[in-house]
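Worksheet: the structure to be examined is printed underneath.
Computation of the quantities below employed the complete heavy-atom set of this structure, encompassing side-chain atoms and omitting hydrogens, waters and symmetry-equivalent molecules. Naming convention: chains lettered A, B, ... in sequence-line order (proteins, then strands); numbering from 1 in each chain.
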Amino acid sequence: MTFSSLLPLFAAIPLLAAGLSVVVRRAWLDRALLLLVPVGTLIGAVALLIHHQSNAVVAHSVGSFSGVVAIPFVSDTFTAIMLAVTGFATLCASVFLLKTGEDRFRFATALILLLSGGVNGALLTGDLFNLFVFVEVMLLPSYALIAITGTWRRLGIGRSFVIVNLVTSTVLLIGVGLVYGAAGTVNLAALAGAASEDPMIGLAVTVVLVALAIKGGMVPVHGWLPSTYPMTSAGIMALFSALHTKVALYAIFRIYSITFEGAAPWMPVLLVLVLATMLVGSFSTMASKTLRGALAFQMVAGVGHILVAVVVMTEASLAAGMFYMVHHIITMGGLILASGALEHTYGNAKLGGLSGMLGREKLLAVLFALGLGSLVGLPPTSGLWGKAGLVVSAAAAEDAAGVSGAWIAGLTIGGIIVASIISLIALQRVWSTLFFGHVQETYRPDDTRTGRGDPKPLTADVKCSARLLAPATVLIAASLALFFFAGLVLPLFETAAHGLMDPSSYIKAVLG
Amino acid sequence: MILAMTVGVLAAGGTYLLLQREMVRMVFGVGLLSHAANFLLLASGVPAWRDEPLVNRMDMAQAADPLPQAFVLTAIVITLAVTIFMLALAVLGHNDDTRRPPETGETHEK
């Protein structure tokens with residue numbers, strides 16, 4: 001019994017807990033599981049992070065099969081960071097779901113636990129086919145979660161979410177089949193450097209990466225994300241934004257860096273798409289009519305920023321990209337939960353539907369100001385270090401790589417700055433329409449029977465309760481903490497980026 | 001060659017059906033596409049007919065590669081589950097997606 005053989009528990013415990021929640025239908029058990037399982041993930045991930053200070057990579061092959069036929073569970077610093085952050089975000093979203101009572105939807109607890117089990121598995125797996133399976137384990141409960149929560153529009157939306165993700169999964173599966181046909185293995189450690197040596201394997205890996213880019217919500221295949229996410233409830237959208245696209249991006253980081261070992265030959269295409277993702281995402285924010293619609297487009301913009309790291313592809317840029325990913329999970333979760341608190345209390349978070357909230361919701365005004373500022377990249381929030389790190393690493397890569405590097409650096413830095421300015425213009429409008437303007441005297445809270453209820457006078461006792469705001473406050477506070485204590489956590493990200501750029505210890509741990 | 005052409009025909013048919021507007025046709029389209037993916041997976045490990053991959057019974061040189069078969073088995077199970085779910089969605093939403101957007105059940109302006 002070694003430390004590494006405990007790795008599959010990250011996937012197994014949430015799955016077993018989901019089974020328990022289905023078999024034993026008790027409200028207190030559901031609540032306990034919904035809180036304890038993410039806490040357990042968080043504790044386990046922190047233990048892994050501490051363990052990785054001395055051992056760079058921990059690997060376990062399920063059933064003690066050896067070499068390339070095994071189903072490996074691998075953890076390095078990057079995995080442990082992602083496990084910790086997704087566990088934390090899941091915990092905050094779960095607390096919010098408990099407060100709004102959405103966990104009482106039929107089987108909601110079991111579905112959320114299945115989802116987190118799939119996410120943990122997808123983060124830990126070291127094998128492409130296993131990645132496909134865990135991505136499916138993560139998506140199947142999401143289909144059901146969309147169908148049981150949110151407004152009535154969810155059913156039509158659920159259809160497009162299911163079809164987009166299912167077709168993408170089929171493309172992913174085809175990619176995995178092509179990789180197996182070309183390379184004879186789907187084990188990531190065995191595929192190290194294979195794509196840059198053999199163009200056929202390179203093409204096959206690219207099919208896998210295209211599928212992951214669709215799942216991540218990259219332009220021009222981002223349209224499904226802003227049209228489906230805002231239609232679920234806020235708590236579920238916070239879960240999805242923290243888990244789904246980020247797992248796809250994690251897999252892109254991992255697969256691209258290990259199989260190509262440096263930039264791929266089609267990198268210019270990636271550069272153009274990443275620039276388009278940043279600009280389209282931030283520009284579309286301007287036209288959103290709802291609060292969470294605007295946030296969904298900011299998620300697309302965030303995907304572009306995170307993938308800048310892959311375009312530049314140096315150790316410093318990967319560290320900055322990971323930092324930006326962590327910042328984005330935390331900040332986006334906080335913002336979505338804060339807008340969820342607004343929706344739950346006032347029945348509406350349309351831009352223009354609510355106004356003059358500044359005197360009424362002071363804490364929310366501060367949370368939104370900090371969170372939206374963090375998306376733009378303003379101090380004192382984590383977004384600043386993420387964007388600054390990306391810009392600095394792109395500039396440093398230019399010095400190293402010469403003429404082509406100058407193009408990459410100029411375009412990415414310009415793209416980040418322009419996207420940030422557009423985001424700033426769009427997001428200050430969001431904030432000011434919510435918190436400035438005429439002070440409302442009536443509001444229309446949700447009616448369980450007909451959807452939107454009749455207008456009611458807005459009295460002083462109608463306020464977002466402190467308990468409802470607590471998860472959002474914790475997440476935004478974490479974003480602030482990432483700003484002030486960046487010096488403490490940055491070495492972790494540098495270690496993680498080093499592990500991606502130099503996979504020798506990863507290969508040694510998996511293949512023995 | 002037959003395997004490759006089957007994959008091509010299935011993928012083309014699946015894509016055509018996916019571009020239709022009715023949910024049930026899209027479900028069939030997804031079904032065809034995933035069959036194409038399954039055949040492609042088989043083709044990656046079994047280019048010609050070989051013996052069953054049973055240790056100590058077959059000559060290892062003649063045995064088929066068991067790994068793609070395991071892949072296909074897993075993929076079939078996943079597709080089956082999702083197809084059932086999508087058919088349920090198709091039934092729940094009625095057949096109203098051909099003419100107008102689905103009914104939301106909400107009244108916005110009153």
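Relative orientation of the A:Tyr180 and B:Phe71 rings is perpendicular, given thresholds of 30° and 60° on the angle between their planes.
Contact annotation for A:Leu139: neither backbone nor side-chain heavy atoms come within less than 4.5 Å of a heavy atom of chain B. Residue contact with chain B, scored on non-hydrogen atoms closer than 4.5 Å, involves the backbone and the side chain of A:Ile174 alike. Heavy-atom distances place the side chain of B:Phe85, and not its backbone, under 4.5 Å from chain A. In this structure, no portion of A:Val171 lies under 4.5 Å from any heavy atom of chain B. Both the backbone and the side chain of A:Tyr143 come within contact range of chain B, each with at least one heavy atom under 4.5 Å from a heavy atom of that chain.
The structure places CG of B:Leu33 at 11.0 Å from CG of A:Leu173, a figure rounded to the nearest 0.5 Å. Taking CG from B:Leu41 and CG from A:Leu178, the interatomic distance works out to 8.5 Å, rounded to the nearest 0.5 Å. Rounding to the nearest 0.5 angstrom, the gap separating the CE atom in B:Met26 from the CG atom in A:Leu166 is 10.5 Å.
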Between B:Thr74 and A:Glu136, is the side chain to side chain contact (heavy atoms under 4.5 Å, CB included) condition met? List the steps.
CA-CA 11 Å; B:Thr74 316; A:Glu136 284 300 314; over 6 Å; no
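Heavy-atom contacts from other residues, nucleotides or ligands closer than 6.0 Å to CD1 of B:Ile2 number 12 or fewer.
For the pair B:Ser44 and A:Gly177, the tightest heavy-atom approach, listed with the atom from each and the gap, is CB-O, 3.2 Å. A pairwise comparison of heavy atoms in A:Thr170 and B:Ser34 identifies CG2-CA, 4.0 Å as the closest pair. Nearest heavy-atom pair across B:Leu89 and A:Arg159 is O-NH2, 3.5 Å.
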